[in-house]
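So the structure is just underneath, and the comments pick up after that.
Within every chain, numbering begins at 1; the chains are lettered A, B, ... in the order of the sequence lines, protein sequences first and strands thereafter. Below, all heavy atoms of this structure are taken into account, side chains as well, without hydrogens, waters or symmetry copies.
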2 protein chains.
Amino acid sequence: MSQFSEHIRNLREERKIRQREVAACLKADTAFVSKLEKGERQARREQVLLLAELFNVDKEELLSLWLSEKVYDLVKDEEVALKSLKTAVKKIDNNKKSR
Amino acid sequence: MSQFSEHIRNLREERKIRQREVAACLKADTAFVSKLEKGERQARREQVLLLAELFNVDKEELLSLWLSEKVYDLVKDEEVALKSLKTAVKKIDNNKKSR
DNA sequence: ATTGTCTTGTCAAACAATGACAAAATTACA
DNA sequence: TGTAATTTTGTCATTGTTTGACAAGACAAT
C-alpha cells in the first residue's frame with residue numbers, strides 16, 4: 001500500500017463507484033485496477049490524468065502524488081536517500097533560476 | 001552531461017588514467033566508459049561501487065551523487081517535480097521516525 | 001446458492017536498458 | 001605529415017522489467 005494507491009482507492013470509495021468503472025476509464029480490466037489500488041502496479045502517467053478526470057480532482061495534485069511515489073520507490077532502499085533528494089532539489093532550483 | 005558523469009570524468013583525469021583502465025575495472029569496453037562519462041548511459045549500482053574503489057573516493061558520496069542523478073532524471077520533465085521531491089522527503093522522514 | 005465485486009497467480013507482449021562490436025573521429029607526438 | 005593511441009558514435013542482440021490480459025479463486029451481499 002502506497003500513498004498514491006490508497007488515495008485512488010479512497011477517491012473511488014468516496015464516490016461509490018466500482019473498480020469496473022475505473023477499469024473502463026483506463027481501458028483495462030478490474031484485476032489491473034485492483035493491483036493499482038494495492039500498489040502492486042504503478043500507473044502510467046497517462047492513466048493518472050484519466051483518473052484525475054474521472055474523479056474530478058486536480059491533475060497536478062494527483063500527478064504530484066504519483067511522482068513522489070515513484071521517487072520514493074527509487075530511493076527507499078538507499079542509505080543516502082535523503083541526501084540524494086536534497087541534491088536533486090538543488091539541481092532543479094538551479095535550473096529554474098537559469099531559465 | 002550530468003553531474004555524475006562529469007564527476008567521474010574529472011576523477012579519471014585527475015588521476016591521469018585511461019578509459020581503458022576504467023573499462024577493465026568495470027569489465028566493459030571503452031565505448032561504454034565513454035558513454036558513462038557523457039551521460040549517455042547510466043551506471044548500475046555495482047559499477048558505482050567499483051568506481052569508488054578505483055578512484056579511492058567515499059562510496060557513499062559517489063552513490064549519493066549517482067542516485068540524485070537518477071532522481072533528477074525521473075522528475076526533470078514534470079511541472080510538479082519540486083513538490084514531489086518534497087513529498088518524498090517527508091515520507092522518508094516519517095519512516096525514519098517510526099523505525 | 002447465485003450474483004456481483006474484488007483479488008491472486010501466471011504469462012506473453014511491449015518496452016527499456018545494457019553491453020558488445022565495428023568503425024569513425026580526435027588527440028598526441030614522432 | 002604519418003601513425004599509433006584514445007575516445008566517440010552508431011548499431012544491435014541480449015537481457016531485464018513492466019504492462020495488461022486471462023483464468024480462477026475469495027469474499028460479500030442477498
Review point. For the side chain of A/Ser84 and the backbone of A/Val80, is there at least one donor-acceptor N/O pair under 3.5 Å apart?
Key: yes
Go through the structure and list residues passing salt bridge (charged side-chain N to carboxylate O under 4.0 Å, His left out) with [X], not counting sequence neighbours.
{"X": "B/Glu61", "value": "A/Lys83"}
{"X": "A/Arg45", "value": "B/Glu78"}
{"X": "A/Arg12", "value": "A/Glu37"}
{"X": "B/Asp73", "value": "B/Lys76"}

Revision key, fill the gap. Note: contacts of residues 37-47 of chain B with DNA chain C (heavy atom, under 4.0 Å) are B/Arg41, B/Gln42, B/Arg44, B/Gln47
Exercise for review: Give me the residues of residues 12-30 of chain B where at least one heavy atom lies under 4.0 Å from an atom of DNA chain C, by number, or none.
Suggested key: B/Lys27, B/Ala28, B/Asp29
Review point. When you list every nucleotide of DNA chain C with an atom under 4.0 Å from a heavy atom of chain B, which one comes first 5' to 3', and which comes last?
Key: C/dT18 to C/dA22
Validation row: [X], [Y] side chains within 4.5 angstrom (heavy atoms):
{"X": "B/Glu14", "Y": "B/Leu11", "answer": "yes"}
{"X": "B/Val48", "Y": "B/Ile8", "answer": "no"}
{"X": "B/Ile17", "Y": "B/Leu54", "answer": "yes"}

Check your understanding: Among A/Asn95, A/Val89, A/Leu85, which one satisfies side chain to side chain contact (heavy atoms under 4.5 Å, CB included) with B/Tyr72?
Key ->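 Between B/Tyr72 and the candidates, side chain to side chain contact (heavy atoms under 4.5 Å, CB included) is satisfied uniquely by A/Asn95.
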Point to revise | Enclosure of B/Glu21 CD (heavy-atom neighbours >12, cutoff 6.0 Å) | key: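 It does: B/Glu21 CD has more than 12 such atoms within range.
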Check your understanding: Within a reach of under 6.0 Å around CG of A/Asn56, are more than 12 heavy atoms found that belong to other residues, nucleotides or ligands?
Key ->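 Check fails, neighbour count at 12 or below.
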Quick one: pull up [atom1] in [X] and [atom2] in [Y] and give me the separation to the nearest 0.5 Å.
{"X": "B/His7", "Y": "B/Glu69", "atom1": "NE2", "atom2": "CD", "answer": "11.5 Å"}
{"X": "B/Leu49", "Y": "B/Leu62", "atom1": "CG", "atom2": "CG", "answer": "8.5 Å"}
{"X": "B/Arg41", "Y": "B/Lys35", "atom1": "CZ", "atom2": "NZ", "answer": "4.5 Å"}

**Study point:** Contact list for DNA chain D against residues 66-77 of chain A - heavy-atom distance below 4.0 Å
**Key:** none
Exercise for review: Mind checking side-chain contact (heavy atoms from CB on, under 4.5 Å) for B/Thr87 and listing every partner two or more places apart, or none if nothing turns up?
Suggested key: A/Ser68
Practice item. Name the first nucleotide and the last nucleotide along DNA chain D (5' to 3') that come under 4.0 Å of a heavy atom in chain B. Key: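 Terminal contacting nucleotides, 5' to 3': D/dT6 to D/dT11.
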Point to revise | Set of residues satisfying side-chain hydrogen bond (donor to acceptor under 3.5 Å, both in side chains) with respect to B/Thr30, sequence neighbours excluded | key: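 Not a single residue meets the side-chain hydrogen bond (donor to acceptor under 3.5 Å, both in side chains) criterion with B/Thr30.
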Review point. Taking five pairs at each end of the helix from C/dA1-D/dT30 to C/dA30-D/dT1, what angle separates the two helix axes (nearest 10°)?
Key: 30°
